[in-house]
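Report on the following structure.
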Amino acid sequence: MEELIKLHAATYKELLKNYVDTQDERALYGVEKVTKAFIKENILPEEIVNLHIDAMEEVSTKLNKDYKHSMNFLLEAMISYGLAMQEIQMLREEKHVLESEISVAASMQETLLGTTKPSIEGLDIGIVSVPAHQMNGDYHHFIKGKDGSLGIAIADVIGKGIPAALCMSMIKYAMDSYPEESMSPKSILKNLNRVVERNVDPSMFITMCYAQYLPSEQKLRYSSAGHEPGYYYNAKNDTFKEIDAKGLVLGVSPDSEYSEYELVIEKNDMIILLTDGVTECRDGERFIESQEVLSIIRKYAYLPAQEMVDNVYKHFERLQDFQLRDDFTLLILQKKV
């Protein structure tokens with residue numbers, strides 16, 4: 001290795017002498033190749049400057065003091081530059097490793113938390129959930145009961161990244177393990193609250209809304225653990241009403257109890273569930289009002305539910321210049337018969 005570096009240094013000196021004597025551009029092409037060799041051998045900038053100083057002293061004996069002082073000044077500058085470049089390179093490598101790990105984690109999250117939008121006779125379902133970054137702090141899940149009922153969970157982790165994804169995985173598998181007879185919304189939240197309180201770091205909380213649609217009764221039962229309020233659209237009156245449900249976020253107290261509420265759903269009525277990434281969108285520095293969200297939903301209400309949520313998402317994506325500030329999850333259920 002040392003002999004190879006000496007060979008490159010000798011070539012550099014020869015090219016420099018040739019260029020000083022003739023200003024031949026072939027020498028510039030030659031030094032470009034030598035520079036690439038220096039990079040390959042991890043030669044630092046200050047070493048190249050020092051090589052240049054030595055080479056110039058051999059090439060010319062008429063160098064004045066100002067020139068020599070300037071080259072020493074450049075040498076000191078390159079020492080600092082080289083140290084900074086080494087540090088930047090280390091940070092780039094660390095960033096690359098971290099990005100690779102996050103990419104793997106995001107792929108695992110998608111696999112672990114994947115849920116299939118079910119087919120329920122007489123019910124049109126639309127769902128869009130888009131992370132602001134690679135990892136999604138929002139979560140939604142469908143559970144279809146043997147009696148034809150549909151369980152719907154929508155949640156938001158206060159805390160992001162890989163810990164949030166692991167937390168959501170725990171929540172999903174906890175729900176999947178509960179027997180169907182204990183799937184009432186208030187029971188689900190009570191059980192999940194104990195799981196979160198026992199197993200999740202105290203600095204991380206989860207808001208969740210759990211709803212259960214009962215086709216045979218044309219009813220929606222629901223409970224909330226501090227989650228963003230949803231909305232009920234009454235088609236007969238053409239009005240939106242906030243779904244009022246109160247409850248403590250999951251993981252705060254092991255003894256939390258959750259109230260259960262009920263709505264009768266008529267033909268063309270809609271249930272709108274969402275996370276705060278929807279209601280807290282910003283137009284520049286201005287936070288939008290919840291009525292703006294509802295007006296956009298009303299604008300696309302003539303479409304099937306999936307097209308409806310897709311168009312609402314595209315509207316707010318454009319509003320934010322295609323840079324989401326928070327995870328965006330919007331779920332719409334519309335009764336068709």
Side-chain angles (χ1 to χ4, degrees), residues 102 105-106 108-115 127-143 150-178 182-212 220-231 242-261 271-281 324-331 333:
I102 291 175
M108 289 178 62
Q109 180 190 40
E110 187 175 350
T111 300
L112 291 171
L113 301 184
T115 187
I127 175 69
V128 59
S129 185
V130 181
H133 306 291
Q134 281 183 281
M135 304 295 291
N136 198 340
D138 289 353
Y139 169 65
H140 69 279
H141 187 48
F142 297 105
I143 301 174
L150 175 65
I152 308 140
I154 185 167
D156 188 358
V157 178
I158 303 172
K160 306 296 182 185
I162 295 174
L166 293 173
C167 184
M168 286 304 191
S169 298
M170 179 182 65
I171 290 290
K172 176 187 175 181
Y173 286 100
M175 280 194 295
D176 286 343
S177 69
Y178 295 146
S182 65
M183 293 296 282
S184 70
K186 64 180 182 181
S187 298
I188 283 285
L189 293 187
K190 184 177 180 179
N191 291 332
L192 289 177
N193 179 67
R194 286 199 296 265
V195 171
V196 173
E197 196 276 332
R198 291 172 183 172
N199 298 285
V200 176
D201 187 278
S203 65
M204 184 179 293
F205 304 114
I206 301 170
T207 71
M208 176 179 277
C209 175
Y210 191 88
Q212 186 180 38
L220 184 84
R221 294 175 182 159
Y222 59 93
S223 296
S224 176
H227 194 72
E228 187 76 14
Y231 295 90
E242 186 174 287
I243 295 176
D244 185 24
K246 301 185 184 301
L248 196 62
V249 297
L250 301 178
V252 175
S253 169
D255 302 317
S256 293
E257 297 284 341
Y258 296 91
S259 299
E260 190 167 290
Y261 306 85
I271 299 296
I272 300 152
L273 303 177
L274 38 72
T275 58
D276 59 10
V278 180
T279 54
E280 294 181 5
C281 285
L324 295 182
R325 292 178 171 87
D326 197 3
D327 306 321
F328 185 108
T329 299
L330 175 64
L331 187 153
L333 310 175

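Note that these values count all heavy atoms, side chains included, but never hydrogens, waters or copies made by symmetry.
- Across every non-hydrogen atom of Val249 and Gly226, the tightest pair is CG1-CA, 3.9 Å.
- Between the Asn193 side chain and the Leu250 main chain, no donor and acceptor come within less than 3.5 Å of each other.
- Every side-chain contact (heavy atoms from CB on, under 4.5 Å) that Ser223 has, sequence neighbours left out, goes to Pro185, Lys186, Leu189, Glu260.
- With sequence neighbours excluded, the residues forming a salt bridge (charged side-chain N to carboxylate O under 4.0 Å, His left out) with Asp244 are Lys246, listed by chain and number.
- Leu330 CG to Ile127 CD1: the interatomic distance, rounded to the nearest 0.5 Å, is 7.0 Å.
- With rounding to the nearest 0.5 Å, the separation of OG1 in Thr279 from OH in Tyr231 is 7.0 Å.
- No side-chain heavy atom of Val157 sits less than 4.5 Å from a side-chain heavy atom of Tyr139.
- Qualifying side chain to side chain donor-acceptor pair (under 3.5 Å) partners for Thr115, counting only residues two or more places apart in sequence or in other chains: His141.
- Within the 4.5 Å cutoff, side-chain heavy atoms of Ile271 are placed close to those of Ile243.
- Side chains of His227 and Thr275 form a contact here, defined as non-hydrogen atoms less than 4.5 Å apart.
- In this structure, the side chains of His140 and Ile152 stay at 4.5 Å or more apart for every pair of heavy atoms.
- Between the CG atom of Leu248 and the CG atom of Asp255 there is a distance of 11.0 Å, given to the nearest 0.5 Å.
- If you take CD1 on Ile171 and CE on Met208, they are separated by 5.0 Å, rounding to the nearest 0.5 Å.
- Atom CG of residue Leu192 and atom CD1 of residue Ile206 lie 8.0 Å apart, to the nearest 0.5 angstrom.
- Listed by first and then second residue, the salt bridge (charged side-chain N to carboxylate O under 4.0 Å, His left out) pairs that reach into residues 187-200 are Lys190-Glu257, sequence neighbours excluded.
- Here the side chains of Ile143 and Met175 are in contact, with some heavy-atom distance below 4.5 Å.
- For Thr329, the side chain to side chain donor-acceptor pair (under 3.5 Å) partners two or more places apart in sequence, or in a different chain, are Ser129, Asp138.
- The shortest heavy-atom contact between Phe328 and Gly277 is CD1-O, 3.8 Å.
- Here Tyr222 pairs with Tyr261 under the ring pair (Phe, Tyr, Trp, His ring centres under 6.0 Å) rule; sequence neighbours left out.
- Side-chain atoms of Tyr210 never come within 3.5 Å of backbone atoms of Ser184 as a donor-acceptor pair (strictly under, hydrogens ignored).
- The distance from the OG atom of Ser224 to the CD1 atom of Ile154 is 10.5 Å, given to the nearest 0.5 Å.
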Item to check | Val195 vs Met170, side-chain contact (heavy atoms from CB on, under 4.5 Å): CA-CA, chis, key distance, verdict | outcome: CA-CA 9 Å; Val195 171; Met170 179 182 65; 4.0 Å; yes
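- Side-chain contact check for Leu324 versus Val130: some heavy-atom pair is nearer than 4.5 Å.
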